[in-house]
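Single-structure report; data block below.
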Amino acid sequence: MGKYRNLIFYITTIAVFSCLMYYFIIEGQTLEIKENIVAKTSTGSTWENFQESFKTNLHHPLALLLAQIVTIILTARLFGWICMKIRQPSVIGEMIAGIILGPSLLGMYFPEFSAFLFPKESLGNLQFLSQIGLILFMYIVGMELDLSVLRKKAHDAVVISHASIIIPFALGIGLSYFIYREFSPDGIQFTSFALFIAISMSITAFPVLARIVQERNLQKTKLGTIVITCAAADDITAWCILAAVIAIVKAGSFTSSIYVIIMAIAYVLLMIKIVRPFLKRIGDLQAGKNTINKPMVAIFFLTLILSSYVTEVIGIHALFGAFMAGAIMPENAKFRTLFIDKVEDVALVLLLPLFFVFTGLRTQIGLLNDSHLWMTAGFIILTAVVGKFAGSALTARFVGINWKESLTIGALMNTRGLMELIVLNIGYDLGVLGPEIFAMLVIMALFTTFMTGPALDFINFIFKSKKDDDEAIPENDSKYRVLLSFDKPESGSTLLRLAHDFTNKMNGNKSITAMNIAPVDEMHAYDINEYEESQFQNVIETSHELNLEVATLFKASTDIENDLTSITNKGHYDLLLIMLGKSMYEGSLLGRLLGFTTKIINPEKLLNTVKGKGNIFNNSPFDDFTLQILDKANIPVGVLVEKDFTAADKVFVPIFNLSDFYLLEYAKRLINNNNSQIIILDAAGQIRNNIEVKELIRSIEQVAPNHITLYNEKKIEKEFLSSQDLMLISSKSWKNLIDTKSLWLSDIPSTLIISNP
């Protein structure tokens, strides 16, 4: 009876309280009669009523907003991914996604769908949410500024930065003189119009620039330090100028704006002299901790909101307050990283794409419907490029920087990106910029951001010297060069032990390089050195333990697969070691669908299929990342399937056909350098019939007797296999084992799959 007690109690409780509810509902209906309440009756059928209700729900403001957010995020991520694949900042793709979802494309070709998804009455909600996203984004931008670097390196950088503002600013005012009559909205003074055109010419996108510097591995160079410092000084100066411009535009004249500017100066002094020391004390309480507690998060968010509120009320825009709140955060890099991680995902992934689409909904490229308007747009782009690119480059050359680095600084400072869109939207909201000039300036922002990558590549190509080519060729080509690439610190340590087993006794005839390529989005401009140090810590400790000299190579990347294969192929390496990657959806139906979809929409996969190099429907035992490395690498690749690997003392080498015989060369290296015990399985009986292979095995036995044993399949027992440390297998045979679900996979502790290009 005891085991049914809970069931009886459950049934009794449900029955009793259901009866009680039924009683009260029946009694409640008698009250309707006394109050003369008439029940609503439906006129149509049940299906028609459902359809009517469903349509109402579809147009409900909350349902509509959620549908907009889903559409926006998916479109922004798709185009961001495409741009990353063509080595462009993802922000360009997100900007393009905004224009595509606006009247320039979706509204033009699918007007009914556009009107349903983005009706005019819903744009207010979208705008407010996008403004929240911008406030959080500007808070992050402020936090990413490393003011200590700005103080140390400010001499030349401030000269270049301010020149890169004043020159395009002056050209922008000159440009305004020629386009004011045709493109300024009615009732807008020339001063207001000219100031906004000028500020749009002189802005630089610090976040995009910082990502490009990281991706191109310039952060540790003098050039990288100068350009980051220039961009930081540019950001601070440009936002201060923008605040003054907004004040002047809202007040109507410079004289009327004096009070606003005085209040803004008082606000800045308050933030620097009082709020900043207060936040520093709070940040000091957090020193050494790996988390930030909720009361502390509340204090910093409250500071952000109050700062944004004050600047909005003063009349210099809430975004300046958000930027200022981020800039005065405690300078502890670890603390800022923790706080940015709390804000970044929501701000950049969820809310910021709404701003791109809201900008796209305002951008009507269709208004530029004649050659004169496109010529004007081209003239605006030319003015922007000459002012920012040429102004920065010539100033850098004047202060003593060589031509290559000067032009590189010019190209990077010409990047406008999202910051430009923020300025343009402020001008549009204030009524200073009309629809036509707004569309032209958005196109300019896209063009100047898109041209940064190709411009840098072109500059490198022009100044490429023979010395650079010579440096790419190793001094001693006779060295056996091993490159190991890892994503996690512990993986690097494991791969280093494996590389050591292959090269231990080669003394000066070996070269081992440990490489870590990290996604750019995982790092911030000011803590990249700390990130790199943490990634290589295990590798350095293991190298000391093994008394092994290791070169380290770190790179921030937006396209890890292509960068890894490019470095591999250009570095004259003899062997690349990597870990087998795993999909988060591995083994699931969703994983198969996503894997199939990824291969279908991947342009490289399609191109290779057309050329006959691959089959998009071909199943592979490797994840997509590993498969791309195997396809593109021009050298042998060793893919380690790791199961608590420590050393390759006992190694099992199955030979299934003649194409697997190259594995014996690696077995020979393990014997010579690690005294490994090698067991060769003649699975297909082909070794006994091949004179060359028998001679190779005999030569190994002569140098290292009792280190190599040849077996046929009947002599291999399961327990014997499980006692081995490592299995060496060809990539083709590995696929066969996967397809046949061989028990060997679970019996061998670790497996090294070696491809032979």
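Residue numbers start at 1 and run along the sequence shown. Keep in mind the model is a prediction, meaning the values are calculated, not measured.
Heavy atoms of other residues, nucleotides or ligands lying less than 6.0 angstrom from CZ of Phe116 number more than 12.
Annotation: side chain of Leu456 is in contact with side chain of Ile212 (closest heavy-atom distance under 4.5 Å). The closest side-chain heavy-atom distance from Ile305 to Tyr139 is not below 4.5 Å. Between Leu441 and Ile437 there is a side-chain heavy-atom pair separated by less than 4.5 Å. The side-chain heavy atoms of Met451 and Val385, taken from C-beta on, include a pair separated by under 4.5 Å. Counting heavy atoms from C-beta outward, Ile228 and Leu209 have side chains that approach closer than 4.5 Å. Using a 4.5 Å cut-off on side-chain heavy atoms (C-beta onward), Lys388 and Thr448 make no contact. Annotation: side chain of Thr395 is in contact with side chain of Ile167 (closest heavy-atom distance under 4.5 Å). Under the 4.5 Å side-chain criterion, counting only non-hydrogen atoms from C-beta, Leu171 is not in contact with Met201.
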Practice item. Give the intermediate values and the outcome of side-chain contact (heavy atoms from CB on, under 4.5 Å) for residues Met419 and Phe137. Key: CA-CA 10 Å; Met419 310 302 283; Phe137 172 74; 3.8 Å; yes

Check your understanding: Please walk me through it: do Ile422 and Phe355 pass side-chain contact (heavy atoms from CB on, under 4.5 Å)?
Key -> CA-CA 9 Å; Ile422 294 173; Phe355 171 73; 4.1 Å; yes

Exercise for review: Tell me, with the steps shown, if Thr359 and Leu424 meet side-chain contact (heavy atoms from CB on, under 4.5 Å).
Suggested key: CA-CA 9 Å; Thr359 303; Leu424 298 182; over 6 Å; no

Practice item. Might you work through the side-chain contact (heavy atoms from CB on, under 4.5 Å) test for Ile316 and Lys250, ending with a clear yes or no? Key: CA-CA 9 Å; Ile316 56 173; Lys250 284 187 174 181; over 6 Å; no

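Of the candidates Val357, Leu354, Leu350, Ile73 forms a side-chain contact (heavy atoms from CB on, under 4.5 Å) with just one, namely Leu350.
Side chain of Thr311 to main chain of His317: a donor-acceptor pair is present (N/O by atom type, distance under 3.5 Å, no hydrogens or angles). The backbone N or O of Gly410 sits nowhere less than 3.5 Å from a side-chain atom of Asn414 that would complete a donor-acceptor pair. The backbone N or O of Pro111 lies less than 3.5 Å from no partner atom in the side chain of Ser114, so there is not a single donor-acceptor pair. Between the Ser164 side chain and the Ser161 main chain, a donor and an acceptor come within less than 3.5 Å of each other. Checked by atom type and distance alone, the side chain of Ser406 pairs as donor or acceptor with a backbone atom of Arg397 at under 3.5 Å. Under the 3.5 Å distance criterion, the side-chain polar atoms of Thr415 are left unmatched by any main-chain donor or acceptor of Ala205. Without hydrogens or angle criteria, His59 side chain to Lys55 main chain gives a donor-acceptor distance under 3.5 Å. Proximity of a side-chain donor or acceptor of Gln88 to a complementary backbone N or O of Phe450 within less than 3.5 Å is detected. Using modelled atom types, one side-chain atom of Ser104 and one backbone atom of Thr363 make a donor-acceptor pair closer than 3.5 Å.
In this structure, CG in Leu101 is found 12.0 Å from CD1 in Ile96, a value given to the nearest 0.5 Å. Separating the CD1 atom in Ile135 from the CG atom in Leu351 is a distance of 10.5 Å, to the nearest 0.5 Å. Atoms CD1 and CD1, from Ile179 and Ile380 in turn, are 4.5 Å apart once rounded to the nearest 0.5 Å. Atoms CG and CE, from Leu446 and Met95 in turn, are 4.0 Å apart once rounded to the nearest 0.5 Å. How far CD of Gln68 is from CG of Leu64: 4.5 Å, rounded to the nearest 0.5 Å. Between atom CG of residue Leu62 and atom CG of residue Asn57 there is a gap of 10.5 Å, rounded to the nearest 0.5 Å.
Closest approach of Phe196 and Val423 over heavy atoms only: CE2-O, 3.7 Å. Between Ala97 and Phe79 the shortest heavy-atom distance is CB-CD1, 4.1 Å. Considering all non-hydrogen atoms of both residues, Pro168 and Ala163 come closest at CD-O, 3.9 Å. Heavy-atom minimum distance, Ser200 versus Glu420: O-OE1, 2.7 Å. What you find for Pro435 and Leu367 is that their closest heavy atoms are CB-CD1, 3.5 Å. Nearest heavy-atom pair across Leu368 and Glu436 is CD2-O, 4.1 Å.
Side-chain contact, Ser307 with Tyr267: a donor N or O sits under 3.5 Å from an acceptor N or O.
Partners of Arg416 according to the salt bridge (charged side-chain N to carboxylate O under 4.0 Å, His left out) rule, which considers only residues two or more places apart in sequence or in another chain, do not exist here.
Listed by first and then second residue, the ring-ring contact (aromatic ring centres under 6.0 Å, His included) pairs that reach into residues 160-181 are Tyr180-Phe190, Tyr180-Phe193, sequence neighbours excluded.
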